[in-house]
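Just so you know, ligand 1 is whichever comes first in the structure, and atom 1 is the first atom listed for that ligand.
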Amino acid sequence: MAPLATTDVDAAFTLSLPKIELHAHLTGSITPQCLHEVWTSLKLSSPDLLLEDPLELLSKDKAWNVTTFFPLFSSYIYTLCSTRESIIHSTNSVLQDFKDDGVVYLELRTTPRYSEGVSKEDYVGLVLECLDNFEGREAMPTYLILSIDRRNTASQAMEVVDLAIKYRERGVVGVDLCGDPSKGDVSIFKAAFTKAKQHGLKITLHFAEVPASSSELELETLLQFGPDRLGHVIHVPEEMMHEILRRRIGLELCISCNVQASLTEGGVGEHHFGWWKDRECSIALCTDDVGIFGSPLSNEYLLVAEHFGLSRKELVKLSGRAIECIFGGEEEKQRLGAILVRQEI
Ligand code: IMP
Ligand code: ZN
């Protein structure tokens, strides 16, 4: 591993740095402690519950990979957080955690899902209600992105877009494509993303996460959806990287997620953030699933300072590079610009 670079940055500074989080999956952002609280109350009403305590399951020094990671949601966390109460409790907890970490603008994303007594639309409504009622909403305005899962059918994807359109006025700003990158044929989602765009929604896509989802055909198809932002951008041919720059597409870089899940090689210092950082583009450092990877956004900034030798001044500038690609509109951009100008170094 390369030695850490010299920097004047420490954890207190990156905590106080006003930060913009644009790629955070709601369910993946729930801490093991919060899941434990949900598990404890579920255990009280159903003592025979067979699910393992989240503090046990998620605190183990586990190396997640694409095979073990995605079932964690479908066969574990979704079962835990399926009632109205647990959805509300966990969403509030996620909002508070981001705020406590010094996030001043948040775009949360989530896949509409149903459980007993909660339809997909109810689920979206519940999450939006939490955003509305959150007492820290002025200090941390929060918008919602609805995710299409790669395993969805074309009509399920359209259902997500229709929900996004219906709830635009309540704070849904975009549509995402996520899920297990080894699954699905992305070309079936063209109509859904076209409709989203026609209705003024922004588009962000998980892009080139693993080699299996990085064929030239798949990446070209995804670029044809006209994304405003791309997440991960790992296995991208250099020529296409220049095309991304030319199109001024914003980048959501999730360093700890990539390193811990072995999506990239060589640790933080070798992360492709190093390629993009000196080019003219909008970059947002993001957590992806802080509940699982355990690295809050303040820590992502600390990591890049330590591994790429960035100073306090450069971190303030880096935080500001996310502004251009937020989905929340001009007023939010101005507010964020003003906050960062005031930031003391
Ligand atoms: P939710 O959408 O709020 O339920 O958050 C969990 C979901 O986000 C998972 O089921 C995945 O589909 C998706 N997700 C979380 N992390 C990743 C990732 O790194 N790549 C692709 N999809 C992800
Ligand atoms: Zn993601």
| Between Phe308 and Phe273, is a ring pair (Phe, Tyr, Trp, His ring centres under 6.0 Å) present by the stated rule, with each step listed? | CA-CA 9 Å; Phe308 293 92; Phe273 166 77; 5.0 Å; yes
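- In terms of N/O distances under 3.5 Å, ligand 1 is not approached by Arg113.
- Looking at atom 22 (N) of ligand 1, its nearest protein heavy atom turns out to be Gly179 N, 2.9 Å.
- Near Thr27, with a cut-off below 4.0 Å to any heavy atom, the atoms of ligand 1 are 1 (P), 3 (O), 4 (O), 5 (O), 6 (C).
- Considering backbone and side-chain atoms together, Ser147 places no N or O closer than 3.5 Å to any N or O of ligand 1.
- Scanning all protein heavy atoms for the shortest distance to atom 8 (O) of ligand 1 gives His25 ND1, 3.0 Å.
- At a cut-off of 2.8 Å, His23 is counted among the residues with an N, O or S atom near the Zn ion (ligand 2).
- Relative orientation of the His206 and His23 rings is perpendicular, given thresholds of 30° and 60° on the angle between their planes.
- From the protein, the heavy atom lying nearest to atom 2 (O) of ligand 1 is Thr111 OG1, 2.5 Å.
- Heavy atoms of Asp180 found under 4.0 angstrom from ligand 1: none, in either backbone or side chain.
- Residue Asp289 touches ligand 1 through its side chain alone, judged by heavy-atom distances below 4.0 Å.
- The existence of a salt bridge linking Lys43 and Glu52 is excluded, since no basic side-chain nitrogen approaches an acidic carboxylate oxygen closer than 4.0 Å.
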Practice problem: Evaluate the side chain to side chain donor-acceptor pair (under 3.5 Å) criterion for residues Ser93 and Ser90: first the C-alpha distance (whole Å), next the side-chain angles of each, then the deciding distance (0.1 Å), finally the verdict. | Solution: CA-CA 5 Å; Ser93 164; Ser90 54; over 6 Å; no
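- In this structure, Arg229 forms a cation-pi arrangement with Phe327, its terminal cationic atom sitting closer than 6.0 Å to the ring centre and no more than 45° off the ring axis.
- Leu57 has its side chain within reach of Leu72: a pair of non-hydrogen atoms, C-beta onward, lies under 4.5 Å apart.
- For Lys317 and Glu314, the salt-bridge test fails: no basic side-chain N is under 4.0 Å from an acidic carboxylate O.
- Any N or O atom pair closer than 3.5 Å counts here, and Phe69 shares no such pair with ligand 1.
- For Glu331 and Arg335, the salt-bridge test fails: no basic side-chain N is under 4.0 Å from an acidic carboxylate O.
- The shortest N or O to N or O distance between Tyr123 and ligand 1 is not under 3.5 Å.
- What sits closest to atom 3 (O) of ligand 1 on the protein, heavy atoms only, is Thr110 OG1, 2.6 Å.
- Looking only at heavy atoms of the protein, atom 7 (C) of ligand 1 is closest to Tyr78 OH, 3.5 Å.
- Ion pairing between a basic and an acidic side chain is recognised when a charged N comes within 4.0 Å of a carboxylate O; Lys19 and Glu300 show no such pairing.
- The name of the N, O or S atom in His206 nearest to the Zn ion (ligand 2) is NE2.
- Looking only at its N/O/S atoms, Asp288 has OD1 as the one nearest to the Zn ion (ligand 2).
- For ligand 1, the atoms closer than 4.0 angstrom to any heavy atom of Cys178 are 12 (O), 13 (C), 22 (N).
- Salt-bridge annotation for Asp8 and Lys313: absent, with no side-chain N of the basic residue lying under 4.0 Å from a carboxylate O of the acidic one.
- Heavy-atom proximity to Asp149, at under 4.0 Å, picks out these atoms of ligand 1: 12 (O).
- Counting the atoms of ligand 1 from 1 in the order shown, those under 4.0 Å from a heavy atom of Leu26 are 3 (O).
- Under 4.0 angstrom from ligand 1, the non-hydrogen atoms of Glu209 all belong to its side chain.
- With 2.8 Å as the limit, Cys286 does not count as an N, O or S neighbour of the Zn ion (ligand 2).
- Residue contacts with ligand 1: Arg109 is included, with a non-hydrogen atom under 4.0 Å away.
- Side-chain N or O atoms of Asn92 include none that pairs as donor or acceptor with a backbone N or O of His89 at under 3.5 Å.
- Using a 4.5 Å heavy-atom threshold, the side chains of Pro18 and Gln343 count as touching.
- In summary, the atoms of ligand 1 found under 4.0 Å from a heavy atom of His232, numbered by their order in the structure, are 19 (O).
- Ionic pairing of Glu324 and Arg248 is present here: one or more N-O contacts between side-chain nitrogen and carboxylate oxygen are shorter than 4.0 angstrom.
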